[in-house]
Structure formats: C-alpha cells, structure tokens
Enquirer: 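Pasting in a structure now, in structure tokens, and then I'll have a few things to ask.
For ligands, and for the atoms within them, numbers begin at 1 and follow the listed sequence.
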Amino acid sequence: MKHFIALLFFTCFAITSQIQAAETPNIVLIYADDLGYGDVSCYGATSVTTPAIDRIAAEGIRFTDGHAPSATCTPSRYAMLTGEYAWRRKGTGIARGNAPLIIDPSRKTLPDVLTPHGYRTGVVGKWHLGLGNRDMDWNGKIKPGPIELGFEYCYLIPATGDRVPTVYVEDHHIVGLDPNDPITVSFGKPLTDLPTGKDHPELLKMHPSHGHNHTIINGISRIGYMSGGKSAWWKDEDMADVITEKAVQYIEKNKDDPFFLFFSYHDIHVPRVPHPRFVGKTSMGPRGDAISQLDWCTQQILDTLDRLKLSDNTLVIFTSDNGPVVDDGYKDDAVKKLGKHKPASHLRGGKYSAFEGGTRIPFIARWPGKIEAGAVSDALMCQIDFPATFAELMESEYAAGEFPDSQGHMQALLGKSKTGREELIEHARVLALRKGNWKYIEPSKGPAVYSNTNIESGFAKGGLLFDLSNDPSEKNDLAKSHPKKLKEMQQRLAEIKSNE
Ligand code: NG6
Ligand code: CA
C-alpha cells in the first residue's frame, strides 16, 4: 500500500510537473525605447537593417496594429506593468530622474502573475517609473522599486539616459558607488560642483537642441543636476554592452527554472551615443547607428537562448514603449541625415502624438511550435494586456480590479485568433479611442505641431475622426461629415473613462 501511495504521488508529481513545463515557457520581453513602426527592416525600413529583430518576426508573428499604451515612456510602462491605463491615475506622466516610485507596492504587477508558477523574475535596463520615496538619499538603500513590486532582481538605468542620476542601480544600491564621494541629485535647485551645458557649452561633445542643458556627464549635458558619485557614472558608449551582459547573465543563471526577463533598452532614446563599433553602420548618424546597436543586443539574447537550448521553450516578445522622434533634444544629426527613412512608416505623428504614430509600434512575438513562423496579424493588440494575457497562459485567476484595463489575448498573441481588442484607448496627453478601424481623438487646445520635436500632435479643437480602413495615415477628418459616428465614439470614450 505504502508503495502504491508513493507511486501514485510520484505519478501525480510527474504529470503535474510535465503540465507545468508545457505551460510555463520562459518569457523574455524586450522593450525598445522610442523605436518607431518604420524603424526596423521587418516593418519596411531600408536605411537600416535589423536582422535579429527580423528573425523574431520570421520565426514568429508580426503585428501590424500593436500598441504601446501611451505615446511616452512612463505612462506606457505604468500601464504595461499594472494593467491599468495611466491616464486614470495622477502622477504617471514622464517621471523626473528623482521621482519616487509611482506604482503603489501593494498593487499586483506583471511579475506577480508569474511568480506563483515558479518563475524567477528580473528587470534589466531602463526603468523610468521612479524609485524610492520622496527626497530619497541615493547613497543608501534605494527602495521601494522593482523588488518591492515583485521582481526578484533588477539592474537599472533609473530614469532615462538624458536624466540624472547617470548611474546603474542593482537591486537596492548604486553600482560602484564610493562612500567617500557621495552622490547628490537635484531637479530643482541647481548644484554647482559640476559644470552645466548652459554655462560651459565648450565642454560638450554633443550639444542640446532643446532642454538638456544641466549637469555635464561624459561630455553630454543632461536634464537635472548631479554632483559626486564619480566612480559610479556610466559611460553612454558602453551602456548597451553593460545591460546586455547583465541580461545574458540573468538568463544563464536562471536557465533551469522558468524565468521572466523584462529587458528594457535605452536605445534609441536620446542621447544617442552608440558604442564606436556601431558608429557609421548606417547613413543616418547616431539615430540609425543606435538601431543597429539595439539589433545587436537582440542578437545576443537570441544567441544565448540558442546556446542554452532554451529557444523552443521561450516566448520572446519584442516591442517599443512609444513611437519615434527624430530631434528629441540633442543636435545629433538625426534630422539632417534622415534621408528617405520614415521612422513611423506610413503612420501620422510620432512620440507624444495622438495620431497612430504615437503608440503603434513594432510588436513581434516568437514561441517556436506554438506560434506559426512568419505569421502576420492585424489584430488590435496592446502591451497593457500583458498581465491578463500572461495570467491566461498560466491559467490563473486574479481578483477583479487587479488589472482593471488588461484583457487576455493569448489566442491573438499566438496567432490562433485573428482578433485582439475590440477597442483601445490611445494616450498622448489627450485620449483617442480606437474601435475597430474607427479612430476618434478628443478635442484639445494644444498646438497642432510640437515646436521642439516638429511632431504633429493630433490636437484639434473640435476633435478628429478617422476611418483607418481606407485612411491609415489619418489624412481625412470625418468629424463633420459623420456626426452620428462621432457621437457614438464620444459616448463610448466617456463610458470607458468612467470605467464602464
Ligand atoms: C522630454 C524630454 C525628452 C525626453 C522625454 C522623455 C526635454 C526638452 N525633452 O521632456 O528629451 O527625455 O521627456 O522621453 O527635456 S521618454 O521616452 O522617456 O518618455
Ligand atoms: Ca520612450
């Protein structure tokens, strides 16, 4: 009898662990920064080639209507990790470099969906969701942050490359900080120990075109003031190598367990300072070269998965946090050398914009054996759905309200269903409603074109209405000619805003 029970136990255990293995692929979420729909060759770019990203698409599925939740970084990341639209919550706009953590640690987040299923979870790269509490001392324990939100490991660029502090944070501490040279960060009162771009432009190797004229670090003036902490300063040229090495090490270390790696690039955000080995890879200057670098990073991840024989059991997702921008504040030749390259492809607008170019970005997934190679889907997809979609994959329940705006679209992600979301709110200061191929941008008083970045905003006093099925570039405003449709869209947007 004893033996029988033991055998039964063993059999059950074996079956359970098999089921678990089949349902718990590793998940590598690669998140590019400011990479536009038209910036990679599998979406039509010809001035730059992206063989690694193209390989993910060739071996998986490429979405033509995949979206970031917002047209800038912080709100997109907020929504992707919490499953809640950022516009529902105050304080989720572009975060300062010393902003406190903007996600309440008691909230369930994306990694929390996976941890109960035996996943190791880690985030490497750009964070930009704030860290610590108000007035945190960067020399001490940096918390709360990703660890308090459910990631077991983090290696971070705290905010952006163009914001201080220009240091890496691993788990709860700045990497390589010398206690005898403490670091100070300020986004209010200027700190005067180090020269600024405003006062000492002669010290700069890259000059700002707008903003970005505070403390100079590594020959580049940033947003915000910083002093001390010299041993910990990053070198922009090495950033892609540093974070890629950390990501590869993370995969190696966790190869025997299911793992979730959120690998968040700095590229191709400003300042664009690729490593010298990528300089001149394209005719487009640093912006194009940074795309080549980002593709190389992607290659390292794919190679690591191959080398460790993990590719077949890993869902790789490649996407971007918002649409493209050419001049985002530094004179880096991006405008002059753009040539015929179209960062947003045929889409109107870009980063910061309520037009499709603001949120519609490369969105690709690979899971050999589960996703048919070379598939292309026009399902309406959004990163805000990752929490509910991963929960669907885990077959796990979550309480109503935990991921309030997130929908499970695993079948669409796998290419088994042609439809994704029926509707989506796109967010760029104003809100836009997508309902199928209809698109409505709510009225707004802002400028039609942003003066600094020269991007069309989508702001219009009377609102805008488009039928993307025959007008994918949002050229023909139908607000006046289709009053019934306009009203329907306005009403629906109001309902979703009030959470119905
Ligand atoms: C803007 C910055 C821009 C970029 C952006 C955040 C200026 C003039 N512009 O305020 O350069 O840093 O914030 O980009 O400072 S994001 O991709 O992280 O959202
Ligand atoms: Ca961004």
Enquirer: Heavy atoms only: give me the nearest Glu423-Arg421 pair and the separation to one decimal.
Expert: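 Residues Glu423 and Arg421, closest heavy atoms: O-NH1, 2.9 Å.
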Enquirer: For the residue pair Phe263 and Tyr265, does the interplanar ring angle fall in the parallel (under 30°), tilted (30 to 60°) or perpendicular (over 60°) class?
Expert: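 The rings of Phe263 and Tyr265 stand perpendicular, inter-plane angle above 60°.
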Enquirer: Just by modelled atom types, is the Pro75 backbone N or O under 3.5 Å from a matching donor or acceptor in the Thr92 side chain?
Expert: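 No: the side chain of Thr92 does not pair with the backbone of Pro75.
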Enquirer: Of the listed options (Arg77, Arg163, Lys126, His266), which comes nearest to atom 13 (O) of ligand 1 when hydrogens are ignored and any heavy atom counts?
Expert: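 That would be Arg163.
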Enquirer: Taking 4.0 angstrom as the limit and counting only heavy atoms of Asp162, give me the atoms of ligand 1 inside it, by number and element.
Expert: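 Counting atoms of ligand 1 from 1, those under 4.0 Å from Asp162 are 3 (C), 4 (C), 11 (O), 12 (O).
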Enquirer: Could you tell me which atoms of ligand 1, counted from 1 in the order shown, lie closer than 4.0 angstrom to a heavy atom of His128?
Expert: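 Matching atoms, with element in brackets: 18 (O).
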Enquirer: Can you tell me which N/O/S atom of Asp33 has the shortest distance to the Ca ion (ligand 2)?
Expert: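 Atom name of the closest N, O or S in Asp33: OD1.
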Enquirer: Pull out every atom of ligand 1 sitting under 4.0 Å from any heavy atom of Asn322, numbered as shown with elements.
Expert: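 Once the distances to Asn322 are compared, the set is 17 (O).
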Enquirer: Looking only at protein heavy atoms, which one is nearest to atom 9 (N) of ligand 1, and what is the separation?
Expert: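 Ranked first by proximity to atom 9 (N) of ligand 1 is His212 CE1, 3.8 Å.
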Enquirer: Please state which part of Asn452 comes within less than 4.0 Å of ligand 1, counting heavy atoms only: side chain, backbone, both or neither.
Expert: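 The answer is neither; Asn452 stays 4.0 Å or more away.
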Enquirer: Short question: side chain of Thr359, backbone of His67 - any donor-acceptor pair under 3.5 Å?
Expert: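 Side chain of Thr359 to backbone of His67: no pair is present.
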Enquirer: Identify which of Thr72, Asp34, Ile223 has a heavy atom lying nearest to atom 15 (O) of ligand 1.
Expert: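 Selected option, by shortest heavy-atom distance: Ile223.
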Enquirer: Should Lys205 and Glu237 count as an ion pair when the cut-off is N to O under 4.0 Å?
Expert: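 Salt bridge: yes.
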Enquirer: Which of the numbered atoms in ligand 1 are under 4.0 angstrom from any heavy atom belonging to Thr160?
Expert: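 Result: 18 (O).
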Enquirer: Does Gly122 offer a backbone N or O that forms a donor-acceptor pair with the side chain of Tyr250 under 3.5 Å?
Expert: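 Flag set: sc Tyr250 to bb Gly122 pair under 3.5 Å.
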Enquirer: Considering only heavy atoms, does Asp328 approach ligand 1 within less than 4.0 Å through its side chain, its backbone, both, or neither?
Expert: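 Both of them.
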Enquirer: Using a 4.0 Å cutoff against the non-hydrogen atoms of Asp33, which atoms of ligand 1 qualify?
Expert: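 Per the distance check, 17 (O).
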Enquirer: Heavy-atom pairs closer than 4.0 Å: do any link ligand 1 to the side chain of Tyr352, the backbone, both, or neither?
Expert: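 For Tyr352, the contact with ligand 1 is made by the side chain alone.
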Enquirer: Can we call the ring centroids of Tyr43 and Phe363 under 6.0 Å apart?
Expert: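 No, the ring of Tyr43 stays outside the 6.0 Å limit from the ring of Phe363, centre to centre.
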Enquirer: For the Ca ion (ligand 2), does an N/O/S atom of Asn322 lie at less than 3.0 Å?
Expert: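 Yes, within the cut-off.
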Enquirer: Would you call Glu356-Arg434 a salt bridge at under 4.0 Å N-O?
Expert: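 So Glu356 pairs with Arg434 through a salt bridge.
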Enquirer: Report the member of His210, His214, Lys351, Arg222 with the shortest heavy-atom distance to atom 17 (O) of ligand 1.
Expert: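 Looking at heavy atoms only, Lys351 sits closest to atom 17 (O) of ligand 1.
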Enquirer: Whether Asp328 and Arg272 form a salt bridge (side-chain N of Lys/Arg under 4.0 Å from carboxylate O of Asp/Glu) is what I want to check.
Expert: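 Salt bridge: no.
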Enquirer: Are any of the N/O atoms on Gly329, whether in the backbone or the side chain, positioned under 3.5 angstrom from an N/O atom of ligand 1?
Expert: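 So ligand 1 has no N or O lying under 3.5 Å from an N or O of Gly329.
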Enquirer: Identify whether NZ of Lys or CZ of Arg in Arg120 sits under 6.0 Å from the centre of the six-membered ring of Tyr153 and within 45° of that ring's axis.
Expert: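 The answer is no; the distance or angle limit is not met.
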Enquirer: Give the residue, atom name and distance (to 0.1 Å) of the protein heavy atom nearest atom 16 (S) of ligand 1.
Expert: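 For atom 16 (S) of ligand 1, the nearest protein heavy atom is Cys73 CB, 3.2 Å.
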Enquirer: To the nearest 10°, how many degrees is the angle Asp321 OD1 to the Ca ion (ligand 2) to Asp34 OD1?
Expert: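 Asp321 OD1 and Asp34 OD1 form an angle of 100° at the Ca ion (ligand 2).
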Enquirer: Taking Gly188's backbone N and O only, do any of them form a donor-acceptor pair with Ser186's side chain (distance below 3.5 Å, no angle check)?
Expert: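 Checking the backbone N and O of Gly188 against the side chain of Ser186, a donor-acceptor pair under 3.5 Å is found.
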